[in-house]
Amino acid sequence: MRITVLSGGVGGSRFVQGLLAAAPDADVTVVVNTADDVWMHGLRVSPDLDTAMYTLTDAIDPERGWGRRDETWHAKEELEAYGAEQAWFGLGDRDLATHLVRSMVLREGGTLSDATRRLCERWQPPVTLLPMSDDEVETHIATTVDGADVEIHFQEFWIRHRAQVPVHAVEVHGLADAVPAPGVVEAVLEADVVVLPPSNPIVSVGPILGVRAVGEAVRTTRAPVVGVSPIIGGAAVRGMADQLLTGLGIELSAGGVARHLGARRDGGVLDGWLVDASDADHLPGLDALGVVGRAVPLWMRDPATTRRLAEDTLALADELRG
Ligand code: FO1
């Protein structure tokens, strides 16, 4: 069975771990958001690609959910001592080698796909890891810092300001002209199941669907498209979906995100949508939207609950396939 997952960083990668446990014989392709990518100290950093690669090879730091386990921060301390502008970014010493290798591949004229393949030669993740695009795409946030209206990179919004500054607009630079990376459209069109895991609908799943040909492929694939709500109750499970959705006027609920993504029958991307058991009151609204909803335990607390969520997702896909 071919499963294609459109994923951001931490939440999406955790979900894929459950998917691999639920369907060990499946051929899984993870199409990863690259709009979080950023130039840091002259190096190209791809946070979601690295989080997926590290999570699926158990190199991830389990507490942080990003970066390497057993990490040290000497380079970061030295950059702080130099008063380097971007010293606020969590650049780990082990992680630094990943950015150096990626940047070397790019500097030699390679693509982000080439760099990802190069890094995966070492890590051998149990999935095919594809950037959504090889074009440079970057999410910037229009905000107000110390009374001044500015536009800053998403990473600065999230890390330096801890998402505690207002969101006036989200601009994904380069997205309009970005084309899918090699293999991405095929992975969506030839899948038996396409999954939108509990990643941020604005800054993670959004940009992937915003690569025009990818969004079109998701809307036209013969595979059932099943999403998992990143919102439980009225709050994001983790990350900064609260601030982003509210800032953009999208209802902060499982139903609100489903309406934002839309039903495939009306030009949206969803056939099915999993909400948490505590959000079962959103099921009638999903029916009205034209999306088949299921209320199941959504919290990925441990491998068992994560696997169960993946099983519930595949079960709904089977139902939708008919
Ligand atoms: N997240 C943080 O909250 N603080 C950091 O300093 C930080 C550094 C970092 C470095 C490499 C990397 O791959 C991810 C990193 N992240 C950090 C996480 C990252 O900002 C987010 O995971 C995604 O960009 C949003 O999903």
Side-chain angles (χ1 to χ4, degrees), residues 5-16 30-57 59-77 79-80 84-103 112 115-116 119-120 123 125 129 131-132 137-141 152-165 167 170 172-173 196-208 230-231 236-245 300:
V5 184
L6 308 186
S7 177
V10 182
S13 300
R14 272 208 189 126
F15 177 85
V16 173
V30 186
V31 176
V32 182
N33 168 50
T34 61
D36 284 7
D37 292 13
V38 60
W39 287 103
M40 279 291 162
H41 315 293
L43 299 176
R44 192 66 178 163
V45 178
S46 297
D48 286 350
L49 277 165
D50 293 346
T51 296
M53 185 173 71
Y54 292 156
T55 301
L56 299 176
T57 57
I60 199 82
D61 178 274
E63 276 68 50
R64 289 195 305 272
W66 54 267
R68 291 282 302 280
R69 64 171 69 245
D70 308 327
E71 185 60 281
T72 53
W73 309 93
H74 301 296
K76 181 173 180 345
E77 288 153 15
L79 285 161
E80 282 158 1
E85 161 58 23
Q86 296 172 311
W88 48 265
F89 185 74
L91 185 66
D93 297 322
R94 293 182 187 279
D95 194 33
L96 180 56
T98 297
H99 315 318
L100 286 166
V101 168
R102 177 182 297 112
S103 303
L112 182 55
T116 304
L119 295 167
C120 288
W123 292 105
L129 214 47
M132 69 185 197
V137 178
E138 287 194 1
T139 297
H140 287 237
I141 306 289
I152 57 178
H153 190 286
F154 169 74
Q155 294 300 334
E156 186 166 359
F157 165 79
W158 173 232
I159 299 169
R160 189 178 203 177
H161 298 289
R162 303 306 310 148
Q164 298 308 307
V165 289
V167 174
V170 177
V172 187
H173 295 177
L196 306 185
S199 293
N200 187 298
I202 303 302
V203 291
S204 298
V205 172
I208 302 173
I231 306 289
V237 170
R238 62 174 292 126
M240 70 316 285
D242 304 32
Q243 294 89 329
L244 288 166
L245 288 168
M300 298 187 284

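Just so you know, ligand 1 is whichever comes first in the structure, and atom 1 is the first atom listed for that ligand. Here the structure is a predicted model, which is why all the values come from computation and not from measurement.
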Check your understanding: Looking at CE of Met40 and CG of Leu79, how far apart are the two atoms once the value is rounded to the nearest 0.5 Å?
Key -> 11.0 Å

Check your understanding: For Ala87, does its backbone N or O pair with a side-chain atom of Lys76 as donor and acceptor, under 3.5 Å?
Key -> yes

Point to revise | Close residues, ligand 1: non-hydrogen atom nearer than 4.0 Å | key: Asp36, Pro47, Asp48, Trp66, Phe89, Gly90, Asp95, Phe154, Gln155, Trp158, Ile159, Arg162

Check your understanding: Any cation-pi pair here, Arg160 with Trp158, using under 6.0 Å and within 45°?
Key -> no

Practice item. Tell me whether the centres of the aromatic rings in Trp66 and Tyr54 are closer together than 6.0 Å. Key: no

Exercise for review: Please list, chain by chain and in numerical order, all residues satisfying salt bridge (Lys or Arg N to Asp or Glu O under 4.0 Å) with Asp50, sequence neighbours excluded.
Suggested key: Arg102

Exercise for review: Ignoring hydrogens and angles, tell me if any N or O in the side chain of His153 forms a donor-acceptor pair with the backbone of Gln155 under 3.5 Å.
Suggested key: yes

